[in-house]
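Take a look at the structure below.
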Amino acid sequence: MRWISGVLLLVLVAGAVAAGGSLFVAVVAAAAAVGAWEFAGLAARLDARPPLWLLLPLTVWLAIRYAVPGSPPALDIGLGAGLVAGIVGLVATGSSWRGWMAALAGAVYVGFSLGYYVALLTWRPSDHRFGIAALAVPVAAVIVCDTAAYLVGSAFGRRPFFPQLSPRKSLEGAVAGLVGAVAIAAVLGAAYLGISPWVGAAEGLLVAVVAQAGDLAESALKRQGGAKDSSNLIPGHGGLLDRLDSIVLVAPAVYCFYRLISLA
């Protein structure tokens, strides 16, 4: 069941990326909504239950902001509305400040981050293939990083890597994941993005660090809340956030990296 659900999820995402346009935006919006719902459940375990009427729409808005005409104003409108409506709602309903802060934090963590995948896919509006490459290279680096870390860690892992957050992770696995991400990004970046292998390797290094940090961050959230998984949505995998934890923060990091290197 774990393999079947994993393959189906991969096929759905790959099909949406290939199709692009409204279908991809809809998939990102749906993923953001589900991730926000799971985040709400975890936050509630920390006595910071976010109001869903604020969390869900703000998360989805931030996730699709690059598909809205005039995307910088779209970002301003979303965060401005979340700030004002959230405070007004807090006063009117007598809700806690913790819930309001959790709603904004969850929307930024899930929606704001996932929205950068829309930005990557539409990097060149007239060149969909380039957009696929701009998105696929970091995602491939994450997959290789996770796979290498798991295989090497399972076979040779001896020294713990942040055992207080994830006892099964090892330093050997983390290093293997980093090496794998650097290698695949160097090759794919040169082949499909036209960047030098050294720049591609730098992207891979960034992806490896951010992906593993994102994984550990979600583990910390679950551990603090006393939860094994973010939900039971995906058979054999737990929740959607459990599958997205490595890639959520990668999109904004890679987007900023592409801007810094002036990727045409």
Side-chain angles (χ1 to χ4, degrees), residues 24-68 70-120 165 210-211 213-234 237-253 255-256:
F24 181 74
V25 174
V27 169
V28 171
V34 173
W37 171 72
E38 292 179 343
F39 177 87
L42 294 174
R45 290 172 168 264
L46 301 175
D47 195 26
R49 185 183 300 275
L52 293 179
W53 62 264
L54 174 61
L55 174 62
L56 291 179
L58 181 57
T59 300
V60 172
W61 177 264
L62 293 178
I64 67 173
R65 67 190 185 279
Y66 276 101
V68 177
S71 55
L75 175 60
D76 292 344
I77 291 171
L79 288 178
L83 172 64
V84 175
I87 293 293
V88 171
L90 183 151
V91 173
T93 62
S95 302
S96 73
W97 276 87
R98 287 191 298 273
W100 175 79
M101 290 185 286
L104 263 63
V108 171
Y109 170 51
V110 179
F112 184 74
S113 297
L114 289 179
Y116 280 104
Y117 282 107
V118 178
L120 291 175
L165 299 180
V210 173
D215 187 357
L216 291 169
E218 201 245 355
S219 295
L221 178 60
K222 291 187 295 184
R223 181 170 289 273
Q224 291 172 19
K228 181 179 181 294
D229 298 312
S230 58
S231 77
N232 297 316
L233 179 66
I234 308 174
H237 289 271
L240 187 62
L241 273 184
D242 297 322
R243 301 280 61 81
L244 296 179
D245 54 4
S246 295
I247 71 169
V248 166
L249 300 181
V250 165
Y255 179 87
C256 293

Quiz item: Of the non-hydrogen atoms in Trp100 and Gly82, which two are nearest, and what is the gap between them?
Solution: NE1-O, 3.9 Å
Quiz item: Which residues satisfy the side chain to side chain donor-acceptor pair (under 3.5 Å) test with Ser219, sequence neighbours excluded?
Solution: none
Practice problem: Specify the closest pair of heavy atoms between Lys222 and Ser230, including all atoms of both residues, with the distance to one decimal. | Solution: CD-N, 3.8 Å
Quiz item: Atom CG of Leu249 and atom CG of Leu114: how far apart are they, to the nearest 0.5 Å?
Solution: 9.5 Å
Quiz item: Heavy-atom distance under 4.5 Å between the side chains of Val248 and Tyr117, does that happen here?
Solution: no
Exercise. Report the C-alpha distance between Phe39 and Thr59 in whole Å, list the side-chain angles of each, state the deciding distance to 0.1 Å, and finish with yes or no for side chain to side chain contact (heavy atoms under 4.5 Å, CB included).
Key: CA-CA 11 Å; Phe39 177 87; Thr59 300; over 6 Å; no
Quiz item: Would you call Leu104 and Leu54 a side-chain contact if the rule is heavy atoms closer than 4.5 Å?
Solution: yes
Quiz item: Taking C-beta and beyond as the side chain, do Asp242 and Leu233 meet within less than 4.5 Å on heavy atoms?
Solution: no
Self-check item: Shortest non-hydrogen contact from Leu120 toward Tyr255
Solution: CD2-CA, 4.2 Å
Quiz prompt | Where Ser113 and Ala251 come nearest, the two heavy atoms and their spacing | solution = O-CB, 3.6 Å
Exercise. Locate the shortest heavy-atom distance separating Leu56 from Trp37; write the atom from each residue and the value.
Key: CD2-N, 4.1 Å
Self-check item: Heavy-atom check, side chain of Ser231 versus side chain of Leu240, under 4.5 Å
Solution: no
Quiz item: Rounded to the nearest 0.5 Å, how far does CD of Glu38 lie from CG of Asp229?
Solution: 9.0 Å
Practice problem: Would you name the heavy atoms of Ala63 and Val28 that are closest together and state the gap between them? | Solution: O-CG1, 3.9 Å
Quiz item: At what distance, to the nearest 0.5 angstrom, does CZ of Arg223 lie from CG of Leu42?
Solution: 13.5 Å
Quiz item: Could you walk me through whether Val110 and Leu62 pass the side chain to side chain contact (heavy atoms under 4.5 Å, CB included) check?
Solution: CA-CA 9 Å; Val110 179; Leu62 293 178; over 6 Å; no
Exercise. Please name all residues satisfying salt bridge (Lys or Arg N to Asp or Glu O under 4.0 Å) with Asp245, sequence neighbours left out, ordered by chain then number.
Key: none
Quiz prompt | Between CG on residue Leu55 and CZ on residue Arg49, distance to nearest 0.5 Å | solution = 12.0 Å
Quiz item: Do any pairs count as a salt bridge (Lys or Arg N to Asp or Glu O under 4.0 Å) and have a residue in residues 84-102, sequence neighbours left out, and if so which ones?
Solution: Asp47-Arg98
